[in-house]
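Side chains included, hydrogens not; waters and symmetry mates left out as well; all remaining heavy atoms used.
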Amino acid sequence: MTASLTPPKSRRQLILAVLMLCSLVIWLDNTVLSTTLETLADPVRGLNADPAELQWATGSYTLAFATLMFTAGALGDRFGHRTVLVTGLVVFAGSSLWAAYAGDAGQLIAARAAMGLGSALIMPANLAILMWTFSGPARTTAIAVSSTSAGVGMAAGPVLAGLLLDHFWWGSVFLVNVPVVALALIGIAMLVPNFRSPVRRPLDPAGMVLSISGLAALAYGLIRAGQVAAWSHADVWAPIAAGLVLLTAFVLVELRSKSPSFDPRLLAQRTFGGGNAALGLLLFAMAAVTFYSAFYLQGARGFSPMEAGLATLPTALGAVLGATLGARLVRRWSLRPVCVPALTVAALSMGAYGVLGLQTPLVWIEIVLLVQGLSIGMVIGPVTAAMISSLPLAQAGAGSAVTNTVRQTGSVVGIAVGGTIMSIVYRRAIDPSLGEVPGPGRDRARVSAEQARHVAAATDRPTLVHAADEAFVHAMHVGAVWVMLVALVGAAVLVTALRPTGKPTEAAQEPSMSESGAGSNAL
């Protein structure tokens, strides 16, 4: 059945609320995990996971998320975006149950990868349904409003995780996803039509295999470098080289395809390509600094999970306020004079981790986190809206796939590089303090500050605790400088991407939308 009209206003608003719920579950999960990392590293309360396993617990999710999204967009064009969205939510809920009851770090990593698959199905379908539901200025407003679900998830996730970790076992944090998914499924069944594109894109299995294998090899090599503390090992440089070759082949294959699922040609457009590059670098920095923050607050500073969750609230509140403030300022002053300074401030706030120490007053930490969240919120929403709005509706699915893939790739590499820098610098900093520690304990203490604290407790060496904390803080300082530089490069890219052009061109005519079973879904 073909329809040329969008749903009534009241129904559009309810659809937007359901889509925000679908997006909320993804952001809840991301922030919940960051609060749980310190507990997962604990050999008694958690899974005794080492830094590499914790990187993979986060990275396996983002790896699957990044490399399967463009395939999910093609599935939405073929079977309907509602069908794909429902499938993704079911996969996400099922794998959340698996993660909650994982018996070791390997099972958790696998469950997290399955959760990434669910998210990959959710995100492109979510944005495609939003694009079909709204048009004109209402679409830009809907994108901006939808982005606030990120702030809500960022605010609720750490506090909820802290509450659960203080009273239940670590796996309880993943069970939070299940009731949220159940509410979303009910809303979808009642409200959301099965929009699908009139042009079906191919599934592109070659591109999927090349992107997954390439990014996995690259991430493995980067994480492995942190374990061996040297880049000259063949199991470090060989996977990195293979990953770069495979990713290059992936781009070449997509360029030769007449209907690519991931269209690199879109990145040649200055606003779309430059905006994606800037946000990819920002997500790189955000992933790395979030990884550091989890261990700084709970490990080095000794906060409980609940205290750490409450301490991160300024970031979430800042992101929500920043998204609203950014949208208003962009309407008044345009995109460039708002987003470039905001991204610069975000970079400097991440670099401020380089001056946080073991005795830094909490109020200064809260100010840094508030500024960080506020500036990030002012960038992501407006830049995303500008990028998506620069494309005709017929390319909305491909554009959303490219945008989300670039962001998640930035997160994967950010976690790998950020964690590896932390591991290498920590190992070098702790070594001088391990001279009198027995052999097995010395090896464990070199792995991470968490392991060093347990060795200190077992061997009654309180000085080792202080040495481990100092070594970690030094590693965080070094990592923060690199993170700041990466985000500053993103700000420089944004200067060019948002350079004003000539007279605006007329928007392309929007194609009609097809609803599969529209009659059965009408209210």
| When Ile415 is tested against each of Leu63, Thr58, Thr290 for side chain to side chain contact (heavy atoms under 4.5 Å, CB included), which residue passes? | Thr58
| Least distance between heavy atoms, Val91 atom then Ala114 atom | CG1-O, 3.6 Å
| query | For the side chain of Tyr61 and the backbone of Trp56, is there at least one donor-acceptor N/O pair under 3.5 Å apart? | reply | no
| said: When you measure from the side chain of Arg270 to the backbone of Thr496, do you find a donor-acceptor pair of N or O atoms at a distance under 3.5 Å? | reply: yes
| Straight-line distance of Arg12 CZ to Leu130 CG, nearest 0.5 Å | 11.0 Å
| said: Looking at Arg328, I want to see if its CZ is surrounded by more than 12 non-hydrogen atoms of other residues, nucleotides or ligands under 6.0 Å. | reply: no
| said: For a quick test of reading the model, state the closest non-hydrogen atom pair linking Thr35 to Pro158 and the distance between them. | reply: OG1-CA, 3.4 Å
| field | Side chains of Pro382 and Val338 in contact at under 4.5 Å (non-hydrogen atoms) | value | no
| After noting the C-alpha distance and the side-chain angles of Ser119 and Thr62, does the key distance pass the side chain to side chain contact (heavy atoms under 4.5 Å, CB included) rule? | CA-CA 9 Å; Ser119 295; Thr62 48; over 6 Å; no
| remark: Shortest non-hydrogen pair, Ala278 vs Gly490, comes out as CB-O, 3.4 Å
| Flag side-chain contact, heavy atom, 4.5 Å: Met484 against Val289 | no
| Checking Ser23 side chain against Leu19 main chain: does a donor-acceptor pair fall under 3.5 Å? | no
| Min side-chain heavy-atom separation Arg11-Leu16 under 4.5 Å | no
| task | Measure from the side-chain N and O atoms of Ser96 to the backbone N and O of Phe92, and report whether any donor-acceptor pair falls under 3.5 Å. | result | yes
| query | Does Glu53 use its side chain to pair, donor to acceptor, with the backbone of Asp50 at less than 3.5 Å? | reply | yes
| Check: Thr409 and Phe284 side chains under 4.5 Å, non-hydrogen atoms | no
| Got a donor-acceptor contact below 3.5 angstrom from the Asn194 side chain to the Thr83 backbone? | yes
| said: I need the minimum non-hydrogen distance between Ser60 and Arg112, along with the two atoms involved. | reply: OG-CB, 3.5 Å
| Trace of the side chain to side chain contact (heavy atoms under 4.5 Å, CB included) decision for Phe65 with Ile26 | CA-CA 11 Å; Phe65 199 171; Ile26 295 177; 4.2 Å; yes
| remark: For Ala487 and Met350, the nearest pair of non-hydrogen atoms, with its separation, is CB-SD, 4.5 Å
| request: Taking Ser423 for its side chain and Thr420 for its backbone only, find out whether a donor-acceptor pair lies under 3.5 Å. | output: no
| message | Counting C-beta onward and ignoring hydrogens, is there a side-chain heavy-atom pair between Met476 and Phe291 closer than 4.5 Å? | response | no
| Heavy-atom side-chain proximity of Val330 to Arg336 below 4.5 angstrom | no
| task | Verify side chain to side chain contact (heavy atoms under 4.5 Å, CB included) between Leu33 and Phe174, making sure each step is shown before the conclusion. | result | CA-CA 8 Å; Leu33 181 66; Phe174 295 108; 3.9 Å; yes
| task | Please report the C-alpha distance between Ile421 and Val478 in whole Å, then the side-chain angles of each, then the deciding distance to 0.1 Å, and finally whether the side chain to side chain contact (heavy atoms under 4.5 Å, CB included) criterion is met. | result | CA-CA 8 Å; Ile421 291 173; Val478 174; 4.3 Å; yes
| remark: Gly419 and Gln55 have their tightest heavy-atom pair at CA-NE2, 3.4 Å
| said: Under a 3.5 Å distance rule, please check whether Ser411 uses its side chain to pair with a backbone N or O of Ala287 as donor and acceptor. | reply: no
| message | With heavy-atom distances below 4.5 Å as the criterion, would you say the side chains of Leu279 and Met387 are in contact? | response | yes
| said: Using side-chain heavy atoms (C-beta onward) and a distance below 4.5 Å, is Phe272 in contact with Thr403? | reply: yes
| query | Between atom OG of Ser213 and atom CZ of Phe250, what is the distance when rounded to the nearest 0.5 Å? | reply | 10.0 Å
